[in-house]
Amino acid sequence: MKYKKLAIIAGIITILLAVVTILVVINNNKKINSNKKMLSEELIDRKDYKIISTNKEIDNIFNSIKKCVYEDSNRNTYKEFKEYELFSIAGYNVKKEDITNIKKEDFSIYGYVKRDILDNQIKAVFGTDKIKVSKEESNDEMININTGVFENVGNEFRNIKLISKTDDEYYFSFYAKEGTSGCPEAKSPPIKLVELRQIDNNIILVTKAVYTKVVDGNSSFCEVEIYDNYPSEKSKKVLDKIKVKAGSEPYDVDINKYVDDASEIYIILEKDKNGEYHFLRSEKGIIK
């Protein structure tokens, strides 16, 4: 009986220690994210920046992540990107001509892509070796990505799934983008890079964005609202309404027409020990 009581007490103590440990870890993570946010806000508010010109490295980072930060602006770390988003960012530079040994079977297409194209892009954008193109499950140490979209390969090869890999290549299955008879999407997110600020070891990409919403439509056309603030319905300001043809053909929104009234999204890059800049976090500006 005595030993049974001791075992129960030991078990309770073990459970309490485990709970305390988990709470400490959660609290530390909250503090880290809070500190990152404070530092980012300080950077954004500082006036001692230097305006610089863009280059191909910065353009590559912006173009490959702009759709993701447009849809969800506040990211405290690369770990807050969804796996399919990371996959699409990694494959942003893949072109149709990069797909080799193409084989068609039934409704699927198969082909190879050089591993360097995706692996180098992950390093260029995020500067980490903690993101891998792999069929393994993600864990606390590694984010494994294996399915998503290649933006620049055409509709036939657009949807991707990893099948296997060799030392030099990834082997993928490709699925065509499905069409629609309803209201189409915008051809590309209406977001524009307007200014680059260099402060200490950071570069801030100041971007402007407007948002769209289908408000009416039928089998032949759709009416689309263009407004300044998303996802806040209460404070949004309607800037324009346009009619677009129904169907699968995407439509264009000229961000330049609305840039003065657009929302700001800040993308912050940080310099590593090799002098290269990578994504640190992104944040939506305050609507005035």
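In this text, all values refer to a predicted model and were calculated from it rather than measured experimentally. The analysis underlying the following values was restricted to heavy atoms, covering all of them including side chains, and did not include hydrogens, waters or symmetry mates.
- Remark: side-chain polar atoms of His278 are not paired, donor with acceptor, to backbone N or O of Leu269 under 3.5 angstrom.
- Here the side chains of Glu249 and Pro184 are not in contact, with every heavy-atom distance at 4.5 Å or above.
- The CD1 atom of Ile199 lies 9.0 Å from the CD1 atom of Ile44; values are rounded to the nearest 0.5 Å.
- The environment of CD in Glu137 is sparse: at most 12 heavy-atom neighbours from other residues, nucleotides or ligands sit within 6.0 Å.
- In this structure, the side chain of Asn201 does not engage the main chain of Glu270 through any donor-acceptor pair within 3.5 Å.
- Across every non-hydrogen atom of Phe279 and Tyr78, the tightest pair is CE2-N, 4.2 Å.
- Residue pairs meeting the salt bridge (Lys or Arg N to Asp or Glu O under 4.0 Å) criterion with at least one member in residues 110-127, sequence neighbours excluded: Arg115-Asp119.
- The minimum heavy-atom distance linking Tyr70 with Ser73 is given by the pair O-OG, 4.2 Å.
- Here the closest non-hydrogen pair linking Phe174 and Phe157 is CD2-O, 3.4 Å.
- Counting Ile, Leu, Val, Met, Phe, Trp and Tyr side chains that sit under 4.5 Å apart, directly or through other members, Tyr171 shares a hydrophobic cluster with Tyr110, Tyr112, Ile163.
- Comment: Arg75 does not engage Glu283 in a salt bridge, judged by the lack of any side-chain N to carboxylate O separation of less than 4.0 angstrom.
- Between Asn74 and Lys284, the shortest heavy-atom contact is OD1-N, 2.9 Å.
- Between the side chain of Thr207 and the backbone N or O of Ile265 there is at least one donor-acceptor pair closer than 3.5 Å.
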Given Lys208 and Glu264, is the salt bridge (Lys or Arg N to Asp or Glu O under 4.0 Å) satisfied, shown in steps? CA-CA 5 Å; Lys208 293 275 193 173; Glu264 288 183 340; 3.8 Å; yes
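- No side-chain donor-acceptor contact under 3.5 Å links Asp228 to the backbone of Lys236.
- For the residue pair Gln121/Asn60, the side-chain donor-acceptor check at 3.5 Å is satisfied.
- Heavy-atom neighbours of Asn274 CG from other residues, nucleotides or ligands within 6.0 Å: above the threshold of 12.
- Between Ala90 and Ile122, the closest heavy-atom pair is CB-CG1, 3.6 Å.
- A donor-acceptor contact shorter than 3.5 Å is absent between the side chain of Glu85 and the backbone of Phe81.
- Leu239 shares a hydrophobic cluster with Val210, Val214, Val224, Ile226, Ile242, Val244, Tyr251, Val253, Ile255, Tyr258; the chain of contacts runs through ILVMFWY side chains whose heavy atoms sit under 4.5 Å apart.
- Looking at Tyr49 and Ile204, their side chains never come closer than 4.5 Å, going by heavy atoms from C-beta outward.
- A salt bridge between Glu276 and Lys271 is absent, with no side-chain N of the basic residue lying under 4.0 Å from a carboxylate O of the acidic one.
- Contact detail for Val153 and Lys95: the closest heavy-atom pair is CG1-C, 3.8 Å.
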